[in-house]
Amino acid sequence: DVLTSLALFTPLFTCALWIAARPLFYGPGFVDLRYELPLIWVAIFTFFAIAVTSVLFIFSEKHRAKSPLLISIVFFVGVWGNAPF
């Protein structure tokens, strides 16, 4: 009698354990939010910095503004090497 009731409730019990073992949160984790997302934003910012300094370099009279362009390119390459995309 006890074995019969145990055999009947065992599938329900294992199903309840399987449901309880599933994660409750489906989304980005700690590393995604604290490391990867800021790198993506910095990559976007440095890309726009390259665009602005390129326009300034192209439209300047004597093309002496090379250092801001080179600095922004170096930062962009550094961020791009560490970014998760």
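Just so you know, these numbers come straight off a predicted model, no measurement behind them.
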From CD1 (I44) to CG (L39), nearest 0.5 Å: 11.0 Å
Would you list the atom pairs, donor with acceptor, under 3.5 Å between side chains in residues 46-54 and any protein atom, with sequence neighbours excluded?
residue, atom, partner, partner atom, Å
T46, OG1, V42, O, 3.0
T46, OG1, A43, O, 3.0
T53, OG1, A49, O, 2.8
T53, OG1, I50, O, 3.2
T53, OG1, S72, OG, 3.4
S54, OG, I50, O, 2.7

Set of ring pair (Phe, Tyr, Trp, His ring centres under 6.0 Å) partners for F57, sequence neighbours left out: H63
Residues forming a side-chain contact (heavy atoms from CB on, under 4.5 Å) with L37, sequence neighbours excluded: L33, W41
Fellow cluster residues of F75, listed by chain then number, with links counted only when side-chain atoms sit under 4.5 Å apart: I71
Cluster link V77 to W80, ILVMFWY, side chain under 4.5 Å: yes
